[in-house]
Amino acid sequence: MKNFFVEANERILKKINDKQSDGIQLLDYLSNMDEEIESIINLYCVPQQTIVIQNLGFIHRVWGEALKLMQSYFSLGEELNKAFEITENGKPIDKKTYALYMIQAKTMLTYREILCLLENGYVDGAMAHFRSIYELFIVSHFIYSESEAVAERFIHAVKEQAYKYHGDSQYEWAKKSTDSELVSMGILIKKVYESGMWKCSLGNMSKTKFMEPYNIACKLVHPSPSGIIGRISTKGSFHGTAIKPSNFGLQNPAILSTIYTFEAQRMFWGHLSSPLFQLGFSTMEKVKELIIRELQKGEEKIGADNV
């Protein structure tokens, strides 16, 4: 069975070849991509929206369309990964490409886990889980900006960490690329922030603003007053909200997870030159924008009150 990104790529190439005989230029390919992206979304994402999502209840009335699009985003990511495996099977792959591939795959799985929590009204759990996506975003940017040797150390660290349980030992692979004797996630965040490579897509911001989503997620992970009493889903109130699922604030982890998953993936798919992967990733970018738009609509519906 063919992969629909591979098929779309073939249609674009055929369309260009039918019109000209002097070879295919990247600009010709890009100018024909939009029609195929719309076709993929209409043929794939729209049917996906007919799937009944279980256990949504009241959440579905406000956030259903956004959650279905998030599922479509994950499924498109799966399909794009399959396209990579189909077209690159048997070809040599360098260490950096392999590391970035595995990071983006882990990010997509974490995104799906967050979607499961959101579908069932566990907003704070989803926001806490977002911490993993943010850290994967940081590690992907760090490895992308460093040498092949850093990626090789990252891969080889799997065996080295098998018998280590100290928290900071998981970042020893990055030690030679920092000025710190003991490398932590905080050090990697600092390095990535100072690199500024994220600004082209996330915009300019202070370090405090850059770390704000991560700090919120950390508070929900740890037994802090903010993570226990000031949870997103409780709205600062104790009445009837301590345990039950809630859809209040759902847009926060949903939007952040979608944006930072996309940014972590960008380091891999942007690392590749094939027009096929540009087609697939551009499709995912369009769906990302649709997700954010639907979440903003949901935010408007819910207003200041829980539904």
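Just so it is clear, the values below take in all heavy atoms, side chains as well, and ignore hydrogens, waters and symmetry mates.
- Using a 3.5 Å distance cut-off with no hydrogens or angles, the side chains of T97 and H271 do pair a donor with an acceptor.
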**Residues F268, F277; criterion ring pair (Phe, Tyr, Trp, His ring centres under 6.0 Å); working and verdict** = CA-CA 10 Å; F268 174 67; F277 303 131; 7.5 Å; no
**Request:** Could you walk me through whether N215 and M211 pass the side-chain contact (heavy atoms from CB on, under 4.5 Å) test, one step at a time?
**Result:** CA-CA 6 Å; N215 289 334; M211 290 189 65; 3.9 Å; yes
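- Smallest separation of non-hydrogen atoms from G280 and F5: CA-CE2, 3.3 Å.
- Salt bridge K209/E212: present, at least one basic N to carboxylate O contact under 4.0 Å.
- Residue S132 holds its OG atom at 7.5 Å from CD1 of I114, rounded to the nearest 0.5 Å.
- Atom CD1 of I143 and atom CD1 of I138 lie 12.0 Å apart (nearest 0.5 Å).
- The shortest distance between side-chain heavy atoms of K190 and K207 falls below 4.5 Å.
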**Request:** Might you work through the side-chain contact (heavy atoms from CB on, under 4.5 Å) test for Y73 and M108, ending with a clear yes or no?
**Result:** CA-CA 9 Å; Y73 182 88; M108 283 301 296; 4.0 Å; yes
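- The hydrophobic cluster containing I37 also contains F4, counting ILVMFWY residues as joined when their side-chain heavy atoms lie under 4.5 angstrom apart, directly or transitively.
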**Step-by-step salt bridge (Lys or Arg N to Asp or Glu O under 4.0 Å) determination, K286 to E289** = CA-CA 5 Å; K286 181 70 178 290; E289 292 165 0; over 6 Å; no
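- The side-chain heavy atoms of I189 and F210, taken from C-beta on, include a pair separated by under 4.5 Å.
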**Request:** Test K15 against E35 for salt bridge (Lys or Arg N to Asp or Glu O under 4.0 Å), laying out the working first.
**Result:** CA-CA 12 Å; K15 193 182 296 183; E35 185 179 342; 3.4 Å; yes
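- In this structure S177 satisfies the side-chain contact (heavy atoms from CB on, under 4.5 Å) test together with F142, E146, V150, R153, sequence neighbours excluded.
- Between E10 and K14 there is no salt bridge, since no side-chain N of the basic residue sits under 4.0 Å from a carboxylate O of the acidic one.
- The shortest distance between side-chain heavy atoms of S274 and T87 does not fall below 4.5 Å.
- With hydrogens and angles left out, the side-chain atoms of Y260 and E135 include no donor and acceptor closer than 3.5 Å.
- Note: E172 CD to F154 CZ = 14.0 Å, rounded to the nearest 0.5 Å.
- Side-chain contact between I259 and F137: absent, with no pair of heavy atoms (C-beta onward) separated by less than 4.5 Å.
- When all heavy atoms of L100 and S140 are compared, the pair lying nearest together is CD2-O, 3.5 Å.
- For K91, the side-chain hydrogen bond (donor to acceptor under 3.5 Å, both in side chains) test picks out no residue, with sequence neighbours left out.
- Of the N and O atoms on the side chains of Q104 and N81, at least one donor lies less than 3.5 Å from an acceptor on the other residue.
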**Request:** Please assess Y101 against Y98 for the test ring pair (Phe, Tyr, Trp, His ring centres under 6.0 Å), listing each intermediate value before the final yes or no.
**Result:** CA-CA 5 Å; Y101 173 74; Y98 176 71; 7.2 Å; no
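- Without hydrogens or angle criteria, S224 side chain to L220 main chain gives no donor-acceptor distance under 3.5 Å.
- A distance of 7.5 Å separates CG of L76 from CD1 of I40, quoted to the nearest 0.5 Å.
- Both M102 and F281 belong to a common hydrophobic cluster when Ile, Leu, Val, Met, Phe, Trp and Tyr are linked at side-chain heavy-atom distances under 4.5 angstrom.
- Residues T258 and F262 form no side-chain contact, since every pair of their non-hydrogen atoms from C-beta on lies 4.5 Å or further apart.
- A salt bridge (charged side-chain N to carboxylate O under 4.0 Å, His left out) check over residues 256-273, counting only residues at least two apart or in different chains, returns the pairs E263-R266.
- The two residues L67 and E119 have their closest heavy-atom pair at CD1-CA, 4.2 Å.
- Once rounded to the nearest 0.5 Å, the distance linking CZ of F84 with CG of N89 reads 10.0 Å.
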**Request:** Using the ring pair (Phe, Tyr, Trp, His ring centres under 6.0 Å) rule, take W198 and Y193 through it: C-alpha gap first, then chi angles, then the decisive distance, then the call.
**Result:** CA-CA 8 Å; W198 45 271; Y193 177 78; 5.4 Å; yes
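- Residues passing the side-chain contact (heavy atoms from CB on, under 4.5 Å) test with A254 are M70, L118, L250, L295, sequence neighbours excluded.
- Looking at residues two or more places apart in sequence or on another chain, you find a side-chain contact (heavy atoms from CB on, under 4.5 Å) between Q296 and I292.
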**Stepwise side chain to side chain donor-acceptor pair (under 3.5 Å) test for Q71 and S75** = CA-CA 6 Å; Q71 173 59 54; S75 299; 3.0 Å; yes
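- Looking only at side-chain heavy atoms (C-beta outward), W63 and Q251 come within less than 4.5 Å of each other.
- Residue V6 comes nearest to A83 through the heavy atom pair CG2-CB, 4.3 Å, listed as atom of the first residue, atom of the second, then distance.
- Hydrophobic clustering keeps Y111 apart from V221 (ILVMFWY residues linked when any side-chain heavy atoms are closer than 4.5 Å, directly or through intermediates).
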**Asked** Do L13 and Y29 pass the side-chain contact (heavy atoms from CB on, under 4.5 Å) test, and can you show the C-alpha distance, the side-chain angles, and the key distance before you say yes or no?
**Response** CA-CA 7 Å; L13 295 178; Y29 189 97; 4.0 Å; yes
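- For L117, the side-chain contact (heavy atoms from CB on, under 4.5 Å) test picks out Y122, A126, H129, with sequence neighbours left out.
- Residue-environment remark: NZ (K96) exceeds the threshold of 12 foreign heavy atoms within 6.0 Å.
- Put simply, L109 and I103 are part of two different groups of oily side chains (I, L, V, M, F, W, Y) that touch within less than 4.5 Å, one to the next.
- No side-chain heavy atom of V192 sits under 4.5 Å from any side-chain heavy atom of V139.
- In this structure, a donor-acceptor pair under 3.5 Å is absent between the side chains of Q265 and T261.
- Minimum heavy-atom separation, M127 to P213: CE-O, 3.7 Å.
- Considering OG of S39 and CG of D34, their distance stands at 12.5 Å, rounded to 0.5 Å.
- Of all the heavy atoms in Y214 and M185, the pair that sits closest is OH-CG, 3.5 Å.
- Under the 4.5 Å side-chain criterion, counting only non-hydrogen atoms from C-beta, Q278 is in contact with L30.
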**Derivation and outcome, side-chain contact (heavy atoms from CB on, under 4.5 Å), residues L188 and H141** = CA-CA 9 Å; L188 295 187; H141 275 64; over 6 Å; no
